[in-house]
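Below you'll find the structure, written out as structure tokens, and then a few comments.
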Amino acid sequence: MHRSDDIFHELKALLPGALARRNEPLGKRTTLRVGGCADVYIEPSSEADMAVVLRTCKEEGVPFMVLGRGSNLLIRDGGVRGVVVCLAHPGLSAISVDGRHLRCGAGAKLKAVAAKARETLLGGLEFLEGIPGSVGGALRMNAGAMGSATLEVVTQVRFMDDAGNVHERNIAQVPAQYRSCPLFKTNIALAATFQGHPDSREAIAKRAAEYNQTRWLSQPKEPSAGCIFKNPSPGLSAGKVIDDLGLKGARRGGAVVSTVHGNFIVNEGAATAADVLELIDFIKTRARSERGVELREEVEIIGE
Ligand code: EPU
């Protein structure tokens with residue numbers, strides 16, 4: 001028997017409440033919709049389950065990764081070896097309200113956080129609605145939009161270290177940068193407390209509508225992984241660099257540089273990860289040779 005079969009059976013026996021599958025296609029779990037299968041796919045039902053997955057993989061020497069909403073992810077066509085864990089189970093994605101705070105499980109969608117804030121008349125979290133991610137993924141990469149970033153509106157985080165122990169930390173003790181939060185590169189985000197400020201229904205709705213409008217006009221509607229590259233420097237948009245190079249509409253197979261925003265690669269339907277990766281290389285080469293700009297991927301690239 002393969003080792004992936006062994007670990008599958010072992011985890012299935014240890015975690016009766018979890019969803020467990022073998023050879024799970026991952027493309028459909030990402031917004032770009034490309035890439036191969038996970039050897040083993042698990043949705044644990046609790047933090048205790050999560051710790052069991054982590055410890056078992058460690059003991060067996062099986063590689064392991066956490067998948068969020070898959071909106072900033074490019075999975076290669078050969079898929080992902082070992083165990084892929086997703087925190088989408090209700091036990092790890094609930095949202096509860098406490099005054100001006102929203103306590104959100106890592107699996108909660110940012111759209112749901114924004115909706116709960118709106119319902120509770122808490123302002124300042126409207127920008128989250130347009131980010132197609134989960135709380136865990138947004139913490140890990142300090143996701144942002146409309147001039148705000150996730151860790152600016154979070155007061156506390158809860159996470160699991162690589163030995164399966166759970167910690168809580170005040171945000172003052174969590175260093176974050178543009179599109180990155182190193183704490184969550186080595187630890188698994190479990191939950192975050194978001195803070196809003198009391199506001200009127202009308203003011204919240206107005207901001208949300210403005211953001212929606214801006215996004216609607218400036219971002220493509222086809223499947224994509226959001227922005228492919230980080231902005232090279234504050235005030236310099238990677239999308240503008242790519243646009244100025246005349247690369248909108250450039251194509252490799254079913255992958256095309258969006259004609260709406262240069263920093264998006266869209267999947268016209270039949271794109272493979274190889275198509276997208278070729279297009280990324282082509283863009284980087286042109287930006288380097290013609291503009292002296294070193295573009296760095298914002299999207300995370302994983303798998304074989
Ligand atoms: N622009 C062009 N051509 C293009 C794209 C943009 O000329 O093809 C110009 C725009 O006209 C604008 C400027 O470049 O004057 C900046 O564009 P935009 O407002 O779209 O912002 P951005 O810097 O390209 C960032 C984030 C987006 C986020 C938007 C809106 C990064 C890498 N991107 O884009 O985040 O949605 O601001 O807040 O930081 C993502 O991270 O996946 C993402 C989409």
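Counting starts at 1 for both ligands and their atoms, following the listed order. Remember, it's a predicted structure, so these values are computed and weren't measured experimentally. What you see below is based on every heavy atom in this structure, not just the backbone, and it leaves out hydrogens, waters and symmetry mates.
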So the atoms of ligand 1 within less than 4.0 Å of a heavy atom of D243 turn out to be 2 (C), 3 (N), 4 (C), 7 (O), 8 (O)

N/O donor-acceptor pair under 3.5 Å between R69 side chain and A138 backbone: no

NE2 of H261 to OG of S218: how many Å apart, nearest 0.5 Å? 6.0 Å

Under 4.0 Å from a heavy atom of F229: which atoms of ligand 1 are those, numbered in the order shown and with their elements? 32 (C)

I'd like to check whether K248 has a polar contact with ligand 1, where a contact means an N/O of the residue lying under 3.5 Å from an N/O of the ligand. yes

In terms of the angle between their ring planes, are F184 and F159 parallel, tilted or perpendicular, with boundaries placed at 30° and 60°? perpendicular

Name the residue from R22, R29, R21 that meets the side-chain hydrogen bond (donor to acceptor under 3.5 Å, both in side chains) definition with Y41. R29

Ranked by distance from atom 29 (C) of ligand 1, the top protein heavy atom is Q219 NE2, 4.3 Å

Under 4.0 angstrom from atom 12 (C) of ligand 1, is there any protein heavy atom? no

Counting only nitrogen or oxygen atoms and a 3.5 angstrom limit, does N263 reach ligand 1? no

Can any side-chain N or O of N231 pair as donor or acceptor with the backbone N or O of A238 at less than 3.5 Å? yes

Identify whether M160 and V84 are in the same connected component of the hydrophobic contact network (ILVMFWY, side-chain heavy atoms under 4.5 Å). no

Is atom 3 (N) of ligand 1 less than 4.0 angstrom from some protein heavy atom? yes

Salt bridge present between E210 and R207 (N-O < 4.0 angstrom): no

Separation between CZ of F229 and CD1 of I280, rounded to the nearest 0.5 Å: 5.5 Å

Heavy-atom proximity to atom 27 (C) of ligand 1, best of A145, C227, G130: C227

Option of least heavy-atom distance to atom 26 (C) of ligand 1 (set: R179, E298, K240): R179

Ligand-side contact atoms (ligand 1) for residue partner M146, heavy atom cut-off under 4.0 Å: 30 (C), 38 (O)

May I ask you to check whether S237 has an N/O atom sitting below 3.5 Å from an N/O atom of ligand 1? yes

Does the pair K230/E298 count as a salt bridge with the N-to-O cut at 4.0 Å? no

Would you say ligand 1 has an N or O under 3.5 Å from any N or O of S218? no

Which residue and non-hydrogen atom of the protein lie closest to atom 25 (C) of ligand 1, and at what distance in Å? N231 ND2, 4.3 Å

Quick one: does atom 39 (O) of ligand 1 have a protein heavy atom under 4.0 Å from it? yes

Check this for me, if you would: do E304 and R81 make a salt bridge, where the nitrogen-to-carboxylate-oxygen distance has to be below 4.0 angstrom? yes

Would one find an N or O of G226, backbone or side chain, under 3.5 Å from an N or O of ligand 1? no

salt_bridge(R55, E59) N-O dist < 4.0 Å: no

Please list, in number order, the atoms of ligand 1 under 4.0 Å from a heavy atom of Y178. 31 (C), 32 (C), 39 (O)

Polar proximity ligand 1 side, G262 side, N/O cut 3.5 Å exclusive: yes

Quick one: look up the protein heavy atom nearest atom 18 (P) of ligand 1 and list residue, atom name and how far away it is. H261 NE2, 4.0 Å

